[in-house]
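Please read the structure below before turning to the comments.
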Amino acid sequence: MTDALHILTPPFALAIGRQGITETVPIALAALGEVVVERSGVINIGIEGMMLCGAFAAALAAHATGSPWIGLSAATATGALCAALYALLVVRLRCDQIVTGLGLNLLAIGVTGIASQRLLANQPPLAPAGTLAGLDPLALPVLLLTLLVAWTLYRTMWGLGIRACGDEPLAAASAGLSVRGLRFSAVLIGGALAGLGGGHLAIVIAGRFQEEMVAGRGFVALAMVIFGRWSPSGATLGTLFVGTLMATQQNLQPLLRPDQIHTLYPLMLMAPYVLTLLVLSAGFRSAGAPAALARPW
Amino acid sequence: MIELRGISRTFGTLTALSDVSLQIPRGAILGLLGENGAGKSTLMNILYGLLRPSAGSMFIDARPYNPRSPRDALQRGVGMVHQHFMLVPTLTVAENILLGMRGVRLRLNRASREIAAFADDVGLPVQVDARVGDLSVGRQQRVEILKALFRRVNVLILDEPTASLTPAETEQLFASMRRLRARGVAIVFISHKLKEVVGNCDAVIVLRRGHIIHAGDASGTTPEVLAAQMVGAPAFATLPAPGPAASTARPPATASPPMLEVRRLSAHSRGIADLLDIELHVHRGEIVGVAGVDGNGQDALIDALLGIRSPTRGQVLMDGVDLTRAAPRERLRRGIGHVPGDRRRQGLILDFSVVENTCLKTFVRRPMSHLGWLSRRTMRRHAAQLVAEADVRGPALDGPAALLSGGNQQKLVVARELHAHPRLLLVCNPTRGVDVAATAAIRARLRAARDAGAAVLLVSSDLDEIVELADRVMVMYRGTLRPSTGSAGDVAAIGRLMAGLDL
């Protein structure tokens, strides 16, 4: 493993940084959406499924039209569509949010699995989306989105309503606000961003759709919302940490000797998730959570 | 000027409000008095658009007023400050006041300056950038009032605003009310504290069982008169001194040691005394009535006797055994029965079946269960027996208790508690919201329990009930308990104590 020392060289570190940003983008998009959702008092466990549906829709649309941008738009719309279903169930019909979210995840795995075998078998690689300022095409947009979400939550009347719904829905309702309407809109936004994140995964990171390709990133996004204490900037920073870990792990893989495939390799794949767990358990518990989180209205 | 004409409201067969007409001029404070369940909340919810009247009409400045929601009410200038504040504790004062207002952008700095200036202008200064959760209860209430005023409200409903305030905060509130009155705001002040109403209102209305039974200037009345009207006794002054019930009162069985003995019992919450040096004895075979306007510490007394709440000092003895620190279950085991004042929340579990409700206190023991397994058959047999005994009419034994009418629910609770032959029975407002036939049945059962040797403590805000049932009468006022000096039927003496006179 003497080669491992070259991780310390500037070019290598730069590559990890660049790739880390790319790995960050889909998780950050989902986490930013989830910040809005949770501040309104809803928890979207179905984020993973929404990302998966977004990824599938992106691949399908990009495959059909040849345009990565149409693919990303389709991903966003599909995420919002999934979210509309979710909101109908948990906001309008007051279903249990955890159970419904988990159900949505299973549904997404099944539907995209079957549909991709039918519609996307033997697909050629998708057209790449290029770069923006030498970085991932959505890197800068994610940065701007972080500011936009913060501005919306703290500097608009809608954001004030969202925050009130998450902490004391009764007070919001008595002030004449529609708690369900606000929560519905928050879930739609969360779903659209999760879908876009999934689309990024398919088009920018993988270049194709694979079954269950989200691989827990939705849950990492949920964890990073807690890590970031329900603030947009906190969520983005948290996902940058995880994204960098993922990129580091991927760049270290080629350094493995063949006999380490069954020992070190699985550990390295696990590392970002384990570190996420460790960080979360080290004092970042639910302190500061919206008081009415996951309580139907 | 806001005017109500012939407002009625029924819920099923229950008439909550019947033909209520009143006027509130601008720049006046109207006191609205009444016991729990008298119709105060129904009336205010109709005014604020939370309920629609079954009959009658409302007008603001001679224009028809038919609010369908609080939003409609606010638009017409009617605001309400609920007893339980509608504030978001994590938001700042300014954010809470702005919540639900029009606009896209939240310009917090500019709005904060406006709100601070407005608050100073109406004489309710407040720190606009403080988190509401960090403020005292009195300050939070000020924020609630500002929230309404900032929406250009000119009719302000205050629902029991002094219930959770310290005396100093209460004085500040009254000062604020006077300032608002001077600015032309009409205020409806809901309370059951008589002195507060007489001392701070221009006009007073007393509601009892959905009817207005008194309306007039506050200056022309006294706490004494109002107390009588609230609880339904004729004016004390005009009553012949000992009532008829007194002559039939049994000689108290004071020869034996008391079943319940309370010594210098005090309980405080947030530094306010809910109970102050309570001294009380209840002997076997007597009913001791605790009269008093609601909210003078009756709940605290019962909770302390049951062990739900621990006293700050004093002692509770039952049959000579000190139970001051005993757990509630221990007390029940020693033979305390309890008919709570709120049967829907404390007496029954409404979603549970009638069978399950009859076994709520006995299911852990044989014969209702054995080694942790419920014996459904025994429970059912027991329930069937209770229901037959108490003449509880309603749906099947396996149907939820929620389907029983109020009177039948109460009969079920009383039957359950009496079946265990309690040595000490604590009863709170046993016939509130109960029809005439069920009332008679429940009172007869309480008398029978007394005659069978139980010690009964009857807490009731219905003076008729106290006079009819009690062998001795005590009166609660602001956390203190005083014996009525006259006989049990001396309504005038009881009334004076209830109003806090004769101190």
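Letters go in sequence order (proteins before strands), and every chain restarts at 1.
- For the residue pair Val88(B) and Ala171(A), the shortest heavy atom distance occurs at CG2-CB, 3.8 Å.
- When heavy atoms are compared at a cutoff of 4.5 Å, Met101(B) approaches chain A by way of both its backbone and its side chain.
- Atom CG of Leu91(B) and atom CG of Leu160(A) lie 6.0 Å apart (nearest 0.5 Å).
- Leu147(A) is linked by a side-chain contact (heavy atoms from CB on, under 4.5 Å) to nothing, counting only residues two or more places apart in sequence or in another chain.
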Show the pairs of one donor and one acceptor atom, one from chain B and one from chain A, lying under 3.5 Å apart.
residue   : atom : partner   : partner atom : Å
Arg71(B)  : NH2  : Gly176(A) : O            : 3.3
Thr90(B)  : OG1  : Asp167(A) : OD2          : 2.5
Glu95(B)  : OE2  : Arg163(A) : NH1          : 3.1
Glu95(B)  : OE2  : Arg163(A) : NH2          : 3.0
Val104(B) : O    : Met157(A) : N            : 2.7
Leu106(B) : N    : Arg155(A) : O            : 2.8

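- The local environment of CD in Glu3(B) is crowded, with over 12 non-hydrogen atoms from other residues, nucleotides or ligands closer than 6.0 Å.
- Heavy-atom pairs under 4.5 Å with chain A were tallied for Leu50(B), Leu108(B), Leu87(B); the largest tally goes to Leu87(B).
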